[in-house]
Structure formats: structure tokens, C-alpha cells
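Remarks on the structure that follows.
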Amino acid sequence: MTEFVLGSASPARLEVLRSAGVHPLVRVSDVDEDAVAAALPPGTTPAGVVTALARAKAEAVAAALVAERSDVIADCVVVGCDSMLLVDGVLQGKPLTPAVARERWAAMAGRSADLLTGHCVLRLRDARTVAETSDCSRTTVHFAKPEPEELEAYLATGEPLQVAGAFTLDGRGGWFVDRIEGDPSSVIGIGLPLLRRLLAGVGVGVAQLWVGS
């Protein structure tokens, strides 16, 4: 059986996969995202940035598995993910502080922005990478305008501080999303339609990964 390794600490991504029938092994990369982005060639597109970050994470996790001499590398797929919100041509990652999250909501409330989700899939057999695919999806998010007291209450929960774009679709932030155009799972953090295509590109069908299938 092909093992599925998720290279992410995101509980939301893990829950999407579990709900979709996959119980992955979780390995978190220690990639310096800022350093990876800074090393990209000038003019790299926003989609290219998130895809490169996803690839860096997948490669770091794959290297760690090989170093551990883990038995999963007999046959496994390693999935790296990265998401950023594109607002007025500028990529926004995790705000980390209430002040930054407040500024971002001031810029996007009542407007729309594109959530870019990059995925990279590596297939490893006997400690060697034998196939790789990567791509990016784009979903347009139309934001509501929360009242000032609503926004402050939302910031106080801490939820928007550790997520791309300072909002969630599957948590309290969902109250302030009017609608989306595209794949809802990608907004949560791992796009199932895109991932299905990428897995097929390395020779793995999703039904092979379903627990109990």
C-alpha cells in the first residue's frame, strides 16, 4: 500500500484529508519560507511563489524520511502545501499579530481576493524520488464587512493570526465570507481536486489511499 505523508502541521488540512477517507502520516518541514521566497528569481509569479514553497516543504520532508530510514519510503507520496491570499497584487501569508491582521482586514473587507494554494507531490520508492508533480489552484473569496466590534472579537480569538490571509472558511472566519468562486477545500488549505490530479500524475489513484477501501 502506498503511504500518504502530509508535510504540514495544519489541523485543517489534516481534517480535510481524514474526512475524505485518507489518514496520513504527518511530518512537519522546517523550511524557512521567507528564505525560499527571497531566493526565487525576480519576476516569479504569485502562483510560482506558492508552488515553490510547497515544493520546498515536500522536498524537506522527503529528505527527513530518507535520513530516518523510515519504512514508509518503500512506497509513499509526500505532499507539500502552501497557501497565500493575493490582495491588490501582493501575496499575504500568516499575519501572526493582531495588528497585522487588523490592517489586512481593513484592506479586504467588502472586497474580493484570490486565495492561491500550491501543492507538490513527490513519490518515493526505496528512498528515491521517482516522480514529482506540482501546481497551484486559485479561488476567489468575496469578503463581507464585519462590524468593528465583530472584527475585534474575531481577532481576540487568535484564529486569524496563524492562517493565510487572516481568515478561515471552516471556522469563525466563515461568518465573514459572503461567497467563493472555486474549490472550497483549497481555501481550507488542501485542494482535493488539484491533489487528485497531482496524485494521478505520480501514478496513485485516490481510492488506493482510502482507509478501509
Side-chain angles (χ1 to χ4, degrees), residues 5-14 16 26-67 77-108 111-122 124 129 131-141 143 158-169 173 180 182-183 185-191 194-195 197-198 201-202:
V5 181
L6 175 63
S8 171
S10 166
R13 288 180 177 132
L14 181 59
V16 168
V26 175
R27 295 287 191 276
V28 181
S29 75
D30 58 357
V31 167
D32 184 334
E33 297 182 28
D34 291 338
V36 172
L40 294 174
T44 300
T45 65
V49 172
V50 295
T51 303
L53 288 168
R55 184 181 302 111
K57 294 174 184 178
E59 290 174 345
V61 169
L65 287 173
V66 172
V77 288
V78 178
V79 178
C81 313
D82 191 78
S83 297
M84 289 193 183
L85 191 68
L86 186 64
V87 181
D88 295 330
V90 178
L91 284 173
Q92 298 181 350
K94 301 172 184 176
L96 302 180
T97 68
V100 173
R102 187 178 294 109
E103 290 175 3
R104 292 185 179 176
W105 268 98
M108 67 194 191
R111 302 179 60 201
S112 61
D114 289 336
L115 197 286
L116 304 183
T117 301
H119 292 335
C120 177
V121 176
L122 304 179
L124 277 64
T129 299
E132 174 185 343
T133 55
S134 59
D135 205 352
C136 174
S137 66
R138 180 185 297 249
T139 300
T140 301
V141 182
F143 294 100
E159 180 185 278
L161 307 187
Q162 296 293 331
V163 291
F167 81 101
T168 62
L169 185 63
I180 67 169
D183 167 31
S185 62
S186 71
V187 181
I188 298 172
I190 188 160
L194 173 58
L195 185 55
R197 294 193 295 273
L198 295 179
V202 299

Could you tell me the separation between the [atom1] atom of [X] and the [atom2] atom of [Y], rounded to the nearest 0.5 Å?
{"X": "L194", "Y": "C136", "atom1": "CG", "atom2": "SG", "value": "8.0 Å"}
{"X": "D32", "Y": "L53", "atom1": "CG", "atom2": "CG", "value": "10.0 Å"}
{"X": "E159", "Y": "T168", "atom1": "CD", "atom2": "OG1", "value": "3.5 Å"}
{"X": "L115", "Y": "I180", "atom1": "CG", "atom2": "CD1", "value": "9.0 Å"}
{"X": "C120", "Y": "K57", "atom1": "SG", "atom2": "NZ", "value": "11.5 Å"}
{"X": "R13", "Y": "L195", "atom1": "CZ", "atom2": "CG", "value": "11.0 Å"}

message: So does S186 get a backbone contact from the side chain of T117, meaning a donor-acceptor N/O pair under 3.5 Å?
response: yes

message: Show, in sequence, the C-alpha distance, side-chain angles and deciding distance for R197 and D135, and conclude whether the side chain to side chain contact (heavy atoms under 4.5 Å, CB included) test is met.
response: CA-CA 10 Å; R197 294 193 295 273; D135 205 352; 5.7 Å; no

Per-pair distances, 0.1 Å, donor-acceptor, side chain in residues 34-51, under 3.5 Å, sequence neighbours excluded:
| from | atom 1 | to | atom 2 | distance (Å) |
| --- | --- | --- | --- | --- |
| T44 | OG1 | P41 | O | 2.6 |
| T45 | OG1 | G48 | N | 2.9 |
| T51 | OG1 | A47 | O | 2.8 |

query: Would L169 and V141 count as a side chain to side chain contact (heavy atoms under 4.5 Å, CB included) if you check the C-alpha gap in whole Å, the side-chain angles of each, and the deciding distance to 0.1 Å?
result: CA-CA 10 Å; L169 185 63; V141 182; over 6 Å; no

- prompt: Do you know the tightest heavy-atom contact between V16 and S185?
  reply: CG1-CB, 4.4 Å

statement: Correct closest heavy-atom pair for A58 and V78 would be O-CG1, 3.6 Å

task: Could you check if a side-chain atom of L86 sits within less than 4.5 angstrom of a side-chain atom of R138, using non-hydrogen atoms only?
output: yes

- prompt: Listed by chain and number, what are the side-chain hydrogen bond (donor to acceptor under 3.5 Å, both in side chains) partners of T133, not counting sequence neighbours?
  reply: none

Cut-off 3.5 Å, no hydrogens considered: what does the side-chain donor-acceptor table look like for residues 90-101, sequence neighbours left out?
| from | atom 1 | to | atom 2 | distance (Å) |
| --- | --- | --- | --- | --- |
| T97 | OG1 | V100 | N | 3.2 |

